[in-house]
Amino acid sequence: MFDKESLERLEKEKVRWENSTVKKVIEKTPERYEKFYTGSNIEVNRLYTPLDVQEMDYMEDLGFPGEYPFTRGIQPTMYRGRLWTMRQYAGFGTAEESNKRYKYLLSQGQTGLSVAFDLPTQIGYDSDHPLAQGEVGKVGVAIDSLKDIETLFDGIPLDKVSTSMTINAPAAILLAMYIAVAEKQGVSSEKLSGTIQNDILKEYVARGTYIFPPEPSMRLITDIFEFCSKHVPKWNTISISGYHIREAGATAVQEVAFTLANGIAYVEAAIKAGLDVDEFAPRLSFFFNAHNDLFEEVAKFRAARRLWAKIMKERFKAKDPKSMMLRFHTQTAGSTLTAQQPDNNIVRVTIQALAAVLGGTQSLHTNSRDEALALPTEDSVRIALRTQQIIAYESGVTETIDPLAGSYYVEHLTNLIEQKAMEYIKKIDELGGAPKAIEKGYIQQEIQDSAYRYQQEIESGRRIVVGVNKFQIEEEPPKNLLKVDPEVERIQKEKLSKLKATRDNLAVKNALDELSKKALSNENLMPTIITCVKTYATLGEICDTLRRVFGEYKATVSF
Amino acid sequence: MQCERTIRVLIAKPGLDGHDRGAKVIARALRDAGMEVIYTGLRQTPEQIVEAAIQEDVDVIGLSILSGAHNVLFPRIMELLKEKGIDDILVIGGGVIPHDDIPFLKKCGIAEVFTPGTPISQIIEFIKNNVKK
């Protein structure tokens with residue numbers, strides 16, 4: 001992008017500046033540190049100039065928005081056309097309470113729903129399972145059967161809203177329930193839009209809500225890909241998630257690398273199952289974290305977009321540009337929130353949300369200030385949503401596309417993150433791909449090492465967290481935290497036993513027997529799962545049926 | 001001359017939540033501080049945790065929970081220890097635990113609850129000063 005002559009001159013001038021102007025100042029007032037680093041420990045130079053991006057070719061490396069390699073964004077007009085979807089992850093207690101929270105959020109200008117399920121639901125246990133004790137309705141809504149889903153979406157027109165569901169191991173079952181409840185509203189599956197997370201690989205690595213071993217889990221995922229490409233064409237069949245990998249302690253580079261490595265594994269599995277890449281790849285979506293290091297995060301999103309485009313085009317020979325577009329949801333970083341001086345979290349979330357927007361996110365969840373303490377209150381959630389609205393309507397950053405492009409620093413970081421992520425992906429390929437690398441514990445170990453390093457930096461004071469290891473104050477414990485009513489468990493159990501007493505239990509048994517048979521075959525399981533949920537077979541019953549055929553995953557423990 | 005016994009710690013994840021970054025970081029830091037550390041892995045029932053503590057003859061149990069189920073699971077663990085007649089294991093907890101819940105947990109026998117942002121040095125200090133065996 002720069003001619004040779006001016007680069008040579010610049011190089012000389014830079015040396016002169018360092019040896020005269022800078023040197024004089026440093027002799028009097030040394031810099032704060034000998035070396036500087038990004039939030040993910042990439043060394044940062046004093047100054048970036050065209051010298052740091054001299055290898056770049058504008059058309060090849062950046063191009064135009066909406067065109068390969070999508071570095072500058074996936075849509076031709078980005079936020080000038082439509083703002084990102086403001087989507088707050090919510091759900092707690094019973095389906096009735098969560099339904100109320102969704103209606104409140106929609107009334108406040110939220111534009112999509114995002115369902116949080118409680119842990120028993122995520123791990124495929126009904127509310128009356130012994131392991132569910134104490135967990136029912138705690139981190140999300142408790143769902144035992146289609147009955148609960150009917151209540152959850154009562155009065156919410158499913159042809160008008162898009163719904164994201166954070167569900168992985170039992171994703172096929174929750175999607176089946178969603179299709180069934182839409183049918184009852186008179187909405188056909190072709191009209192449904194939304195996302196299921198459905199990303200089991202990162203569960204083994206970072207999030208922990210796995211049920212089945214990798215092989216049958218991958219089969220369920222590719223069954224969903226195939227079924228949706230025919231019957232739910234607007235549905236995002238997977239949200240390949242770096243979010244939890246980052247939360248577990250990964251660096252920005254590792255977040256990109258491990259997420260895309262998982263993405264590669266899903267594409268390979270689907271191709272192996274006989275699908276054509278351009279048939280399912282346009283419906284793959286991604287989910288990233290947004291941390292505090294503003295420029296590094298923006299660079300991360302841009303690098304991820306470019307790298308995925310190249311992988312899809314060059315490695316998988318995709319033809320449809322939609323297969324090459326990395327569309328992503330962002331959530332601000334829960335792990336950066338502090339229990340100390342919780343109002344400071346509003347400021348952290350603002351920086352993180354800004355990074356996501358400058359990085360070109362398609363949808364965004366902003367965390368609430370009180371989430372290091374408990375589930376957020378309605379007031380806190382409103383501030384978090386308002387933070388997005390202020391960025392959208394007042395900051396002006398939405399008016400032009402990819403405004404940080406051309407910054408020597410941001411472009412340099414974008415290149416560096418892409419290159420370092422690619423090195424990891426090569427290493428993972430050598431280990432036999434992401435599932436093998438996970439089985440060997442390689443990815444987990446890399447993440448744990450980063451997490452430990454991060455903590456040591458805080459302990460030593462090299463990394464400052466305001467209010468935690470600097471600028472502390474004596475404070476009163478915060479008041480007015482959200483409490484989930486412990487009655488939820490009892491109410492949920494009661495509903496469950498009533499359901500089991502009133503449904504057609506023979507129909508349930510027949511449907512589950514059929515599922516058991518199909519699970520042993522190679523047939524797509526989605527139609528049978530839909531039949532099961534319509535008989536009001538419970539989530540636990542369906543998962544237990546599959547557990548008997550597939551077995552359960554046992555994690556290896558290390559630290 | 002009396003040899004100082006190495007402190008043995010069981011880091012345990014009761015309940016269903018999969019957030020074990022904190023548990024693993026603490027486990028490693030305690031190991032680096034010279035303690036012997038066993039980590040249970042995810043999804044442990046109170047029964048499994050108490051069983052592991054007995055099997056491994058630990059001095060300390062460190063419970064980590066972020067799902068909000070602490071008010072049910074922590075007391076259950078203390079109850080089981082009591083049933084087995086064990087009163088010389090120091091039990092501490094950490095995670096996303098609202099301040100309002102801490103007095104109740106302490107009344108149940110949890111010696112201390114460490115919330116997010118606690119320096120690990122403080123936890124190490126606490127263990128060294130309060131270990132019962």
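Note: hydrogens, waters and symmetry copies are ignored here, and every other heavy atom, side chains too, is used. Letters A, B, ... mirror the listed sequences (proteins, then strands); counts begin at 1.
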- [ ] Name the region of A:Gln340, side chain, backbone, both or neither, that has any atom closer than 4.5 Å to a heavy atom of chain B.
- [x] side chain

Open item on the list: Return the OG1 to CZ distance between A:Thr209 and B:Arg43, rounded to the nearest 0.5 Å.
Closed with: 7.0 Å

Open item on the list: Using a 4.5 angstrom heavy-atom cutoff, name the option from A:Arg207, A:Lys479, A:Glu371, A:Gln456 with the most pairs to chain B.
Closed with: A:Arg207

TODO: Could you look at A:Pro120 and say if it's the side chain, the backbone, both or neither that has a heavy atom under 4.5 Å from chain B?
DONE: both

Open item on the list: Can you give me the closest heavy-atom contact between B:Pro98 and A:Leu481, atom names plus distance?
Closed with: CB-CD1, 3.7 Å

TODO: Decide if atom CD of B:Glu47 counts as having more than 12 heavy atoms of other residues, nucleotides or ligands within a radius under 6.0 Å.
DONE: yes

TODO: Quick one: closest heavy-atom pair of A:Ala339 and B:Pro116, and the distance?
DONE: CB-O, 3.9 Å

Task: Side chain proximity check, A:Phe559 to B:Ile11, heavy atoms < 4.5 angstrom - done: no

Open item on the list: Any non-hydrogen side-chain atom of B:Asp17 less than 4.5 Å from a side-chain atom of A:Lys138?
Closed with: no

- [ ] Go through the atoms of B:Leu73 and report whether side chain, backbone, both or neither lie under 4.5 Å from a heavy atom of chain A.
- [x] side chain

Open item on the list: With heavy-atom distances below 4.5 Å as the criterion, would you say the side chains of B:Thr45 and A:Gln133 are in contact?
Closed with: no

Open item on the list: Quick check on B:Lys84: does its NZ atom have over 12 non-hydrogen neighbours (other residues, nucleotides or ligands) under 6.0 Å away?
Closed with: no

Task: Portion of A:Thr556 that has a non-hydrogen atom of chain B nearer than 4.5 angstrom - done: neither

Task: Minimum side-chain heavy-atom gap A:Gln455-B:Arg28 below 4.5 Å - done: no

Task: Structural part of A:Leu131 lying under 4.5 Å from a heavy atom of chain B - done: both

- [ ] Tell me, for B:Ala29 versus chain A, whether the close heavy atoms (under 4.5 Å) come from the side chain, the backbone, both or neither.
- [x] both

TODO: Answer yes or no: does atom NZ of A:Lys470 have more than 12 heavy-atom neighbours from other residues, nucleotides or ligands under 6.0 Å?
DONE: no

Task: Straight-line distance of B:Arg21 CZ to A:Gln448 CD, nearest 0.5 Å - done: 11.0 Å

TODO: Flag yes if more than 12 heavy atoms outside A:Asn480 fall under 6.0 Å of its CG atom; otherwise flag no.
DONE: no

Open item on the list: For the interface with chain A, which of B:His70, B:His99, B:His19, B:Arg76 has the highest count of heavy-atom pairs at distances below 4.5 Å?
Closed with: B:His99

TODO: Against chain A, label B:Thr115 side chain, backbone, both or neither, depending on which of its atoms sit under 4.5 Å from a heavy atom there.
DONE: neither

- [ ] Sort A:Ala451 into side chain, backbone, both or neither according to what part of it lies under 4.5 angstrom from a heavy atom of chain B.
- [x] both

Task: Residue selection (most heavy-atom pairs with chain B, distance under 4.5 Å) from A:Val468, A:Leu375, A:Leu373 - done: A:Leu373

Task: Considering all heavy atoms, the nearest A:Tyr452-B:Val25 contact - done: CE1-O, 3.7 Å

Task: Of B:Asp100, B:Asn71, B:Asp101, the residue whose pairing with A:Lys483 passes side-chain hydrogen bond (donor to acceptor under 3.5 Å, both in side chains) - done: B:Asp101

TODO: Sort A:Glu459 into side chain, backbone, both or neither according to what part of it lies under 4.5 angstrom from a heavy atom of chain B.
DONE: side chain

- [ ] Could you tell me which portion of B:Arg31 (side chain, backbone, both or neither) has an atom closer than 4.5 angstrom to a non-hydrogen atom of chain A?
- [x] side chain

Open item on the list: I need the minimum non-hydrogen distance between B:Gly15 and A:Glu135, along with the two atoms involved.
Closed with: CA-OE2, 3.1 Å

Open item on the list: Report which part of A:Glu203 has an atom under 4.5 Å of a heavy atom belonging to chain B: side chain, backbone, both, or neither.
Closed with: neither

Open item on the list: Given heavy-atom pairs under 4.5 angstrom as the criterion, report whether the side chain, backbone, both or neither of A:Tyr454 touches chain B.
Closed with: side chain

